[in-house]
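Take a look at the structure below.
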2 protein chains.
Amino acid sequence: MADIRILIYEDNPSLREALCFMLESTGGFVVTGAYEDCTAILPQVKEHQPDVLLMDIDMPHLTGIEAVKLIKPKFPRVNILMLTVFDDDERVFEAIKSGATGYLLKKTPPARILEALREIYEGGAPMSPSIARKVILNLHTAPVHVEEIARLTARELEILQCLSEGKSSKMIADTCFISVDTVRTHIKRIYEKLQVHSATEAIAKYNKR
Amino acid sequence: MADIRILIYEDNPSLREALCFMLESTGGFVVTGAYEDCTAILPQVKEHQPDVLLMDIDMPHLTGIEAVKLIKPKFPRVNILMLTVFDDDERVFEAIKSGATGYLLKKTPPARILEALREIYEGGAPMSPSIARKVILNLHTAPVHVEEIARLTARELEILQCLSEGKSSKMIADTCFISVDTVRTHIKRIYEKLQVHSATEAIAKYNKR
DNA sequence: TGTAATATCCCCTGTTTTGGGGATTTTCTT
DNA sequence: AAGAAAATCCCCAAAACAGGGGATATTACA
């Protein structure tokens, strides 16, 4: 079987060298390039035709997440494995939504890194259970948001918009020329349809559409 | 293209008639109403659904500036073009700060008035260079939101972030490992610093950068 | 070292919101 | 013309929130 072609983006020189050395001295991998930033990532990926991108999430000039957003649309087949120092769920999740396939902590033992690279090459998605859970939850809820919001009537949308602008029920009653009770009725229906129990929750869902 | 709907407020009968006549006899405009004062302006605007308000700055009972302050919050999409006898920078500027979009001197030639109405309808802002300069200067000292948010502590920002994600005080207490009372104290400080009085308002300011 | 800022927790009071009813009118569709 | 959907208004009780106190511990800084 052909070697797995790896392209590395990591701004820390020591870690970059260490990764290169480790991969080159292990059978089954070939490091086609290793760079300190992503400024020229598009031509580089095009040139090296890597199977897997091993990419730091924190880099100068262009963050790993931004780089992922650049790469994925143009090279959808390339697998991207993110490297992070901290177990920052939010940013890792952001990276995955942008197109990364998996992630590892930098302190991960070398053997596990090699394993993850093979996993990702074979179609797996190395990640921690907490991230995995977020991904699942997102899959379940994300498409629903749109549907849920689509079920709102024009008036309900108008009032949800007002809520998201920070207006209270009274203020909405004023601007919409209806009574506070009517505003409350609309808000109740909005909560039902969006399956939430407070204005802030409704706004959060609305802003995720 | 549909006619531009104009609503006129001018206490001088001759000028009011003249404006009506001029606009009605020109293609592209329709005067939906013309009144001598602003005492019933809210229901009138609601009824006529005008694109542009042509409004004298000096009127009995309710001045044009006061009327603008009434109208803009309720009908933010309506454009207001002020009319003045004198080139009174201060009051024109006051009107613009209140929500007017442009202004004209009453001695302005009819052709220029028509032009200004079309400009304002298409998103422009007819005004003299001296007023324009004042507006620009005011913009430079404007972005208060950023400053306000910058005054929040790390903890407060964290909690504001939670609020914007739709979390209740209880849930925030849980995720931050502090008591509900502490969350409430932080929220109180956030409200003070952002000068708001509810979670939705705070979130609205926060989401505006 | 002492003061300011921050983070933490508690109490009390009044207001607002939420969730549960029900009811009427208007509008649209069939 | 009948029925469904939407928009309007009202009442009640419990929960949450907002605003006002006050208090303590830790950190930062001058």
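As a basis for the values below, the full set of heavy atoms in this structure was taken, side chains included, without hydrogen atoms, waters or symmetry mates. The chains referred to below are lettered A, B, ... by the order of the sequence lines, with proteins before strands, and numbering in each begins at 1. All of these numbers come straight from a predicted model, not from anything done at the bench.
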(request) Write down the distance between CD1 (B:I178) and P (D:dA25), rounded to a whole number of angstrom. (result) 18 Å
(request) Tell me yes or no: between the side chains of A:D37 and A:T39, is some donor less than 3.5 Å from an acceptor? (result) yes
(message) Would the base of C:dC10 count as contacting B:S179 through its side chain, where contact means a donor and an acceptor less than 3.5 Å apart?
(response) no
(message) To the nearest 0.5 Å, what is the distance between OG1 on A:T182 and CD1 on A:I187?
(response) 11.0 Å
(message) Can you tell me which nucleotide in D:dC9, D:dA18, C:dT8 comes closest to the side chain of B:I187?
(response) D:dA18
(message) Less than 4.0 angstrom from a charged side-chain N to a carboxylate O is my criterion; do B:D56 and B:K106 meet it?
(response) yes
(request) Let me know the distance between CD of B:E201 and P of C:dT16, rounded to the nearest Å. (result) 13 Å
(message) Does a side-chain N or O of A:R184 approach OP1 or OP2 of D:dT8 to a distance below 4.0 Å, or not?
(response) no
(request) Quickly work out the A:H197 NE2 to C:dT16 C1' distance and round it to whole Å. (result) 18 Å
(message) One thing to verify: whether A:E115 and A:R118 come together as a salt bridge, which I'm taking to mean a side-chain N less than 4.0 angstrom from a carboxylate O.
(response) no
(request) Could you grab the distance from atom CG of A:L54 to atom CG of A:L117, nearest 0.5 Å is fine? (result) 5.5 Å
(request) Please report, rounded to the nearest Å, how far the C1' atom of D:dG19 is from the CZ atom of B:R189. (result) 12 Å
(message) Taking the minimum atom-to-atom distance to the side chain of A:S168, which one of C:dT17, D:dA16, C:dT18 wins?
(response) C:dT17
(request) Report the distance from atom CD of B:E192 to atom P of D:dC17, rounded to the nearest whole Å. (result) 18 Å
(message) Tell me the interatomic distance from A:Q195, atom CD, to C:dT18, atom C1', rounded to whole angstroms.
(response) 17 Å
(message) If the cut-off is 4.0 Å, is A:T182 near the phosphate of D:dA7, judged by side-chain N/O to OP1 or OP2?
(response) no
(request) Let me know, please, whether A:S169 or A:K188 comes out on the 5' side of the other along DNA chain C by nearest nucleotide. (result) A:S169
(request) Look at A:Y191 and C:dG19 and indicate whether a side-chain polar atom (N or O) is within less than 4.0 Å of OP1 or OP2. (result) no
(message) In this structure, how many angstroms lie between the C1' atom of D:dA18 and the CD1 atom of B:I190, rounded?
(response) 13 Å
(message) I need the CD1-C1' distance between A:I203 and C:dT17, as an integer number of Å.
(response) 13 Å
(message) What I want to check is whether an N or O donor and acceptor connect the side chain of B:S198 with the base of D:dC17 at under 3.5 Å.
(response) no
(message) Please determine whether a side-chain nitrogen or oxygen atom of A:T153 lies at a distance below 4.0 Å from atom OP1 or OP2 of D:dA5.
(response) no
(request) Just compare C:dT18, D:dC9, C:dC9 and give me whichever is closest to any side-chain atom of A:T185. (result) D:dC9
